[in-house]
Amino acid sequence: MTNSPRSVSDRTSSVGAFGLLSEPARRWVERQGWTSLRDVQERAIPAILAGGDVVVSARTAAGKTEAAFLPLLTKVEGDAAGFRIVCVSPLKALINDQANRLEGLAEACGHPLHRWHGDVSASAKRRARENPSGVVLITPESLEAILLRQGVHARPLFAGLQAVVVDELHAFIGTERGIHLQSLLTRVEAIAGRDRIDRIGLSATLGDMALAADCLRPGDGPSVRLVEGRDAGNVVKVQIRGYVRPTRVPEDAIASSRHAPGASPREDGSDPAFEAVVSDLGRILRGRTNLLFAGSRRNVEAYADALTTACGSAGVPNEFFAHHGNLSRAHREEVETRLRDDPRPSTAVATTTLELGIDIGDVAAVAQIGPGSSVSSLRQRLGRSGRRPGTSAELRIFVIEDEDGPAAHPIDRLKLGLIQSMATVDCMLGGWCEPPPAAGLHLSTLVHQTLALIVQTGGISAKAAWAILCGRGPFRSVDRVRYAALLRCMHEARSPLVEQAPGGQLMLGPGGERLASGHDFYAVFVTPEEYRVVHGGQTLGTLPLDRITLPGQTMIFVGRRWRVLEVDADARVILVEPTSAAMPPRFDGSAGPLHDHVVAEMRRILSGGDVPTYLDQTARSMLEGARHAYRELGLEAASVVEVGTGVVLVPWVGTRKLDTLAAALVAMQHKPAARRHFVEVDGCDTVRIRRTLARIAGGDHPSDAALASAVPSPAIAKYDGWLSPDLMRAVVISERLETASLRETASRVLASGTDHEPGDTPHRAGTET
DNA sequence: GACCTGCTGCGGTCTG
């Protein structure tokens with residue numbers, strides 16, 4: 001948006017939407033010096049002025065915020081007390097960004113703007129509560145806090161509400177927090193005594209926008225109007241670079257030649273493949289502003305440290321800075337500010353923390369270690385680069401694969417990290433991205449919302465609670481019978497969460513009182529307890545509590561090396577001092593689900609013959625080797641490979657179907673382990689597994705409930721622990737498994753192996769070369 | 001075989 005002598009009103013082509021705005025809003029636009037409204041604004045303004053629910057989608061920095069607030073502030077009216085517009089945002093940092101952006105516009109239109117989140121002073125919130133008006137920017141958790149703590153007194157705050165805006169709608173889709181938000185919006189409508197209050201969703205462009213509409217108005221997605229920004233994306237330059245990690249040398253060889261080049265990869269950084277990646281990263285990224293997505297916090301620390309060290313060795317100033325969720329807010333803001341405002345080149349080495357809409361400006365290039373978690377994440381990341389007209393987005397993916405060796409697992413020869421990277425890129429270039437998971441039962445969050453509704457109302461009948469949460473709200477797949485079962489197990493907990501008063505009203509039991517009065521009740525997600533890492537009185541960040549840390553131990557953190565001085569278990573503080581040698585700390589976590597479509601693309605790549613130009617020389621020869629191994633392992637024909645004392649099943653399906661197959665095999669007395677792309681079954685041969693798979697394919701397999709019982713450690717969500725085994729199984733069936741696909745998955749493994757009837761000589765994967 | 005997000009109100013003490 002550059003200054004220009006010509007204002008919007010001079011241009012007849014823009015008079016359409018511009019002319020619909022109120023005079024103060026038009027004057028504000030002119031004062032910005034905009035020469036025209038953006039495409040998405042042109043089309044969103046009439047849609048929002050017409051009323052009803054609207055999803056506005058466009059790429060980052062396309063002007064979505066103004067596209068929503070120009071028309072909303074134009075039509076908001078009435079002098080009665082109460083908030084006119086509530087805008088819910090997933091991050092405190094985004095609320096602060098938005099407030100700076102919207103303050104002038106809101107003021108010009110005569111409406112006050114309130115920020116409302118945990119870092120906003122209690123006095124500012126009290127002022128807003130006592131004199132509610134205009135626009136409030138708020139987090140879901142703070143909205144929950146208002147409903148909980150104000151109870152019936154919250155009604156005047158929302159009675160005159162004219163619209164709800166959901167910022168970064170895509171960040172809520174398919175998540176537990178998204179269900180919470182949907183329930184909150186229903187409760188706000190109920191407390192305002194209104195059937196519907198207009199909802200405006202601001203979203204990144206997704207593969208299927210109908211799913212965003214369903215998220216904005218659960219149960220009535222088709223009534224939501226979609227406005228998609230048409231700003232053309234810039235040219236994308238992609239490269240996938242391969243790196244071979246040499247085979248681990250035998251133990252005695254390590255003992256005799258510990259420092260020999262090409263020896264076994266070690267965690268202290270003497271892994272030659274890691275060093276080659278670091279050296280190329282330094283060469284490619286230095287001198288510009290970039291993002292490097294390293295995948296895990298541990299990798300972020302390892303790469304940031306190695307790149308910083310390399311800068312030191314080269315005698316140049318450091319340009320590489322770690323950024324992840326365990327680092328202090330102050331440090332992260334410093335990195336964000338440097339990326340955005342500092343002319344000096346810098347690269348943030350980050351996890352997913354820099355994927356969301358935090359304003360860091362345009363970066364020159366995006367680099368990534370490994371395939372990443374999904375196509376939609378890759379798209380978000382790439383959207384950070386090449387936004388200026390005339391520039392192109394640059395993406396480089398660095399993939400390390402082990403060298404084929406005598407001790408290697410046969411499946412490793414397929415180079416699935418490289419193949420998944422290629423599949424993810426191909427899906428993205430083809431315009432596809434993952435849809436959110438099908439709606440589950442979300443009973444953990446229903447436990448939370450039931451408690452919250454009781455606190456908010458001071459007591460409510462089961463019938464009325466069901467009507468709001470399940471009838472109108474997001475828990476539509478929970479019928480009255482199942483809700484009664486849920487209330488029963490909430491009541492039968494060792495310390496009851498709910499009790500029934502003589503009049504039939506639901507009240508909190510002692511267990512419910514304890515949960516609802518706790519500080520962490522406002523959020524529906526769990527956070528593990530953590531130690532604060534402190535140096536010289538400054539908090540550097542936090543580390544998970546379960547990590548055993550002892551004085552004298554060294555670690556890499558914030559991209560620098562430290563020695564632990566003291567661990568204070570009571571205060572949960574780790575005191576550290578700088579040191580010279582260290583290893584990155586471990587964090588825990590598990591991988592997210594892989595979609596069927598990406599896995600199908602992987603198979604297409606392995607069975608195909610064309611070599612994409614985006615591969616570098618090493619990646620090309622890796623692909624050639626992987627295709628050779630694919631044929632040699634017989635995977636063109638069969639999806640069963642004998643390995644060691646067991647078999648590997650490769651049905652080429654995504655995580656949920658793979659987990660379902662593994663659960664069925666457990667229930668049928670096998671010993672499977674579901675890996676990222678395949679299932680390993682120990683102590684079993686081809687004949688026996690084919691017999692089992694044939695039974696499954698024929699429909700002779702355990703019931704859904706038996707499959708759910710075979711899933712290890714099913715409790716994941718915050719209040720899962722309060723569900724009965726029956727309800728927990730129902731949750732697992734609806735959210736973790738795809739039982740309807742089981743017969744087909746088994747058939748896929750069998751059907752591709754029609755050349756190998758039971759009794760045929762099975763294909764034997766040689767571990768010899 | 002990963003990541004990220006959030007948080008009230010009250011009563012006490014201190015300061016200008």
Side-chain angles (χ1 to χ4, degrees), chain A residues 88-95 116-126 129 138-151 153-154 167-168 170-181 184 293-301 323-327 329 332 349-358 368-374 376-378 380-381 411 416-417 420 448 452 455-456 515-528 530 541-542 544 586-594 654-655 658-659 662 673-680 712 716 718:
Chain A
V88 188
S89 172
L91 298 180
K92 291 185 288 191
L94 288 175
I95 288 177
W116 193 308
H117 59 65
D119 296 345
V120 172
S121 72
S123 55
K125 285 185 256 194
R126 199 181 53 240
R129 203 167 57 225
I138 194 167
T139 59
E141 289 72 20
S142 282
L143 186 52
E144 180 68 88
I146 292 180
L147 297 184
L148 281 175
R149 300 300 157 218
Q150 302 306 311
H153 303 299
D167 192 26
E168 307 267 349
H170 57 278
F172 290 107
I173 298 177
T175 69
E176 212 62 55
R177 205 173 174 211
I179 304 292
H180 185 201
L181 174 60
L184 283 167
F293 291 101
S296 66
R297 288 167 286 185
R298 179 183 166 80
N299 264 354
V300 164
E301 294 290 354
H323 193 287
H324 62 73
N326 282 78
L327 302 183
R329 165 86 2 227
R332 286 158 63 177
V349 188
T351 54
T352 59
T353 40
L354 290 177
E355 255 175 50
L356 261 188
I358 297 169
Q368 176 176 300
I369 308 296
S373 64
S374 65
S376 60
S377 134
L378 189 64
Q380 286 279 112
R381 291 173 179 188
I411 297 291
L416 294 175
Q420 190 185 325
H448 178 263
V455 175
Q456 177 193 320
L515 286 183
S517 60
H519 188 237
D520 71 344
F521 185 68
Y522 305 99
V524 295
F525 51 87
V526 237
T527 319
E530 301 193 320
T542 59
R586 280 174 209 287
F587 296 89
D588 281 338
S590 62
L594 197 54
T655 305
L658 216 50
D659 286 349
R675 308 284 182 214
R676 193 88 178 115
H677 305 97
F678 54 91
V679 179
E680 231 170 348
I716 286 182
K718 196 171 181 182

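Proteins come first, then strands; the chains are lettered A, B, ... in the order of their sequence lines, and each starts at number 1. Only heavy atoms go into these numbers, but all of them, side chains included; no hydrogens, no water, no symmetry mates. Bear in mind that the values here come from a model prediction, so they are computed numbers and not experimental data.
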For the pair made of [atom1] in [X] and [atom2] in [N], what is the distance, rounded to whole Å?
X        : N     : atom1 : atom2 : value
A:Arg298 : B:dC3 : CZ    : C1'   : 16 Å
A:Leu94  : B:dC4 : CG    : C1'   : 12 Å
A:Leu658 : B:dG1 : CG    : P     : 14 Å
A:Gln380 : B:dC4 : CD    : P     : 16 Å
A:Asp520 : B:dT8 : CG    : C1'   : 13 Å
A:His170 : B:dC4 : NE2   : P     : 16 Å
A:Ile716 : B:dA2 : CD1   : C1'   : 13 Å
A:Lys92  : B:dT5 : NZ    : P     : 9 Å

Report task. Pick base, sugar-phosphate or nothing for A:Ala674, based on heavy-atom distances below 4.0 Å to the nucleic acid. Result ->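 Counting heavy atoms under 4.0 Å across all strands, the contact made by A:Ala674 includes a base.
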Query raised in the report: Contact class for A:Thr139 (heavy atom, under 4.0 Å): base, sugar-phosphate, or nothing?
Result: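 A:Thr139: backbone/sugar contact only, no base atoms under 4.0 Å.
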Query raised in the report: Taking only residues two or more places apart in sequence, or in another chain, which ones meet A:His180 in a ring-ring contact (aromatic ring centres under 6.0 Å, His included)?
Result: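 Checked A:His180 against ring-ring contact (aromatic ring centres under 6.0 Å, His included); matches are A:His448.
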Requested in this report: State, with a plain yes or no, whether a side-chain heavy atom of A:Thr655 is found less than 4.5 Å away from one of A:Arg676.
Outcome: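 The answer is yes, as the side chains (C-beta and beyond) meet within the 4.5 Å cut-off.
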Query raised in the report: Between A:Lys718 and A:Val524, is any pair of side-chain heavy atoms under 4.5 Å apart?
Result: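 They are not in contact (no side-chain heavy atoms under 4.5 Å apart), so the answer is no.
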Query raised in the report: Side chain of A:Gln456, backbone of A:Leu147: donor and acceptor closer than 3.5 Å?
Result: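 A pair under 3.5 Å: no.
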Query raised in the report: When you measure from the side chain of A:Ser374 to the backbone N and O of A:Ser377, does any donor-acceptor pair fall under 3.5 Å?
Result: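 Between the backbone of A:Ser377 and the side chain of A:Ser374 there is a qualifying donor-acceptor contact (under 3.5 Å).
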Under 4.0 Å between a side-chain N/O of [X] and OP1 or OP2 of [N], yes or no?
X        : N     : result
A:Arg177 : B:dG6 : no
A:Thr351 : B:dC4 : yes
A:Arg332 : B:dT5 : yes

For [X] versus [Y], what's the shortest heavy-atom pair and its separation?
X        : Y        : value
A:Pro140 : A:Leu184 : O-CD1, 3.3 Å
A:Leu148 : A:Phe521 : CD1-CD2, 3.7 Å
A:Gly372 : A:Arg381 : CA-NH1, 4.4 Å
A:Ser142 : A:Trp116 : CB-CD1, 3.6 Å

Query raised in the report: Of A:Arg298, A:Arg297, A:Glu301, which is the lone residue that meets side chain to side chain donor-acceptor pair (under 3.5 Å) with A:His324?
Result: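 Among the candidates, only A:Glu301 passes.
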Report summary line: Pairs under 3.5 Å (Watson-Crick or G-U), crossing ones as [ ], inter-strand ones as |: DNA chain B comes out as ................
Query raised in the report: Can you find an N or O donor on one side and an acceptor on the other, under 3.5 Å apart, linking the side chain of A:Ser142 with the base of B:dG6?
Result: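 Not at all, since no donor on one side and acceptor on the other fall under 3.5 Å apart.
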Query raised in the report: Stacking check: are the rings of A:Phe525 and B:dT5 less than 5.5 Å apart at their centres and under 30 degrees in tilt?
Result: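 Yes, aromatic ring over the base.
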**Report entry** Residue closer to the 5' end of DNA chain B, A:Arg329 versus A:Tyr522 (nearest nucleotide)
**Finding:**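 Here A:Arg329 is the residue nearer the 5' end.
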**Report entry** Comparing A:Gly295 and A:Thr527 on DNA chain B - which has the more 5′ nearest nucleotide
**Finding:**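 Comparing both residues, the 5'-ward one is A:Gly295.
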Under-3.5 Å N/O pairs linking protein and nucleotides 9-16 of chain B:
unit_1	atom_1	unit_2	atom_2	d
B:dG9	OP1	A:Gln150	NE2	2.9

